[in-house]
Amino acid sequence: MTAVESLRCRECGRTYPVEARHVCDFCFGPLEVAYDYDKMRALVSKESIAAGPPNMWRYAEMLPIHLPSVIDLSPGFTPLVRATRLGQHLGLDNLYLKDDTRNPTGSFKDRVVAVALSKALELGFKVAACASTGNLANSVAAHAARAGMASVVFIPRDLEATKIAMTAVFDGNLIAVDGSYDDVNRLCAELASERPDWAFVNVNVRPYYSEGSRTLAFEVAEQLGWRAPDHVVVPIASGSQLTKIHKGFHELGLLGLIEDGDSVRVSGAQAAGCGPVATAFETGADSIRPVRANTIAKSLAIGNPADGWYALEIVRTSGGAIEGVSDPEVIDGIRLLARTEGIFAETAGGVTIATLCRLAAKGIVRRDEVVVAYITGSGLKTVEALGDTVGPSATIKPTLEAFNALTSEEINI
Ligand SMILES: *Cc1c(COP(=O)(O)O)cnc(C)c1O
Ligand SMILES: [Zn+2]
């Protein structure tokens, strides 16, 4: 059962049938899935959700798919970790981390791809395609393999070696493009109109794709005992994830599953080397000016973010903030998280932690708030970003003598 009603234009409200379509014919606004919330309310309860599987399909009735058709790599229901040591370091008494490094292909993209490609199968597509900054490529290739679909994945050629291998191993088509992500994205937008029989997860089936990110709100609320956090910190690439987390809490309020769905403060995290939304926030601009990306946080390196404006509006109206952090701060963020909580995040996680550090220092994230920082990808994918900042404390001969000769700088207990 599903409560999906139609696709609806975010700008003018015109509705469209539930098919592979992403822009409004009249105003070119983006289309979004619209639900009948009375129907959804009748389909779900805290008990029915608790009885569901230990992955994001426990919220299947709240997603725009029919369960029998899902491509299942068991994404989601990742741990919500109480971060006492990091919280102490930052002066935060109620800090939690949503550890989405623990997804089937190591990033939150499994949530969105699982919905997009399940829907694509349902709509009769046999080919999955996407433009990717890396994590989407991994996830599309894996889900297509699982479903026996063909895949055509486009990436900028300078991606991290691990992200390339983690896509290529699934043996679909991987096309490295000599250009930036924004160039790749433009190419895919052109291709999508030439190949209407391909499901481009971030073009023609994007309305379904982005809905998957709502599960990041559903899970956090359930894991907190059916309440919303006071403040969330979310990385921004296209801005889709941030807008859908906000929407997810609002919907839980509509459904009566939580009481405080509209009080969540939403803050955003970007790298300064690709921070068009952070810059617009800081300068109070009324539009997002595209930038040329230059940062180690490649998974967030979208210079012209499709949902940037919507993300900015949510941050402003919810009382959050956005920071653009430097690459050295990103590395420090990765290492701080690893050292204090035992979680190894990719560069996007470093961006989020570095932003959290700034927001806590400025008092924008407050000591007594229940804060959730979203850690969206695994550090195994971006090991090279750490460079020579990590390595053995010492290298010795295999003798007791050599060990005992180590200085207090080399061994620090
Ligand atoms: C894609 C991605 C994001 C941001 O996603 P958007 O929805 O495009 O803003 C965040 N973290 C990681 C690790 C990603 O791969
Ligand atoms: Zn419209």
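As the structure lists them, so they are numbered: ligands from 1, and atoms in each ligand from 1. One is the number of the first residue; the rest follow in order along the sequence. Treat the numbers as computed from the prediction; the structure is a model and nothing was measured.
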- Note on the structure: min-distance protein heavy atom vs atom 7 (O) of ligand 1 -> Gln241 N, 2.8 Å

- Query: Tell me: protein heavy atom nearest atom 2 (C) of ligand 1, and distance?
  - Reply: Lys109 NZ, 2.4 Å

- Nearest non-hydrogen protein atom, atom 6 (P) of ligand 1: Ser238 OG, 3.4 Å

- Note: Glu219-Lys98 ion pair, threshold 4.0 Å (strictly below): yes

- Is there a heavy atom of Ser107 sitting under 4.0 angstrom from any atom of ligand 1? no

- ligand 1 and Ala348, any nitrogen or oxygen pair closer than 3.5 angstrom? no

- Using the ring of each side chain (for Trp, its six-membered ring), is Phe200 parallel, tilted or perpendicular to Phe154, with breaks at 30° and 60°? parallel

- Do you see a donor-acceptor pair shorter than 3.5 Å between the side chains of Asp100 and Thr376? no

- Query: For residues Glu211 and Tyr35, is any side-chain donor paired with an opposing acceptor at under 3.5 Å?
  - Reply: yes

- Query: Is it true that Asp36 and Arg41 have a side-chain N and a carboxylate O under 4.0 angstrom from each other?
  - Reply: no

- Note on the structure: For Glu346, the atoms of ligand 1 under 4.0 Å from one of its heavy atoms are 13 (C)

- Query: Salt bridge between Lys163 and Glu346, side-chain N to carboxylate O under 4.0 Å?
  - Reply: yes

- Message: Under 4.0 Å from a heavy atom of Pro235: which atoms of ligand 1 are those, numbered in the order shown and with their elements?
- Response: 10 (C)

- Is ligand 1 under 4.0 Å from a heavy atom in the side chain of Leu300, in the backbone, in both, or in neither? side chain

- Degrees at the Zn ion (ligand 2) between the SG atom of Cys24 and the SG atom of Cys12, nearest 10°: 110°

- Query: With a 4.0 Å heavy-atom cut-off (strictly under), which part of Thr376 contacts ligand 1: side chain, backbone, both or neither?
  - Reply: both

- From the list His22, Arg8, Lys244, side-chain contact (heavy atoms from CB on, under 4.5 Å) partner of Glu32 resolves to Lys244

- Do Ser180 and Asp183 get their side chains close enough for a donor-acceptor pair, meaning under 3.5 Å? yes

- Query: Under 3.5 Å, N or O to N or O, is Ala237 touching ligand 1 that way?
  - Reply: yes

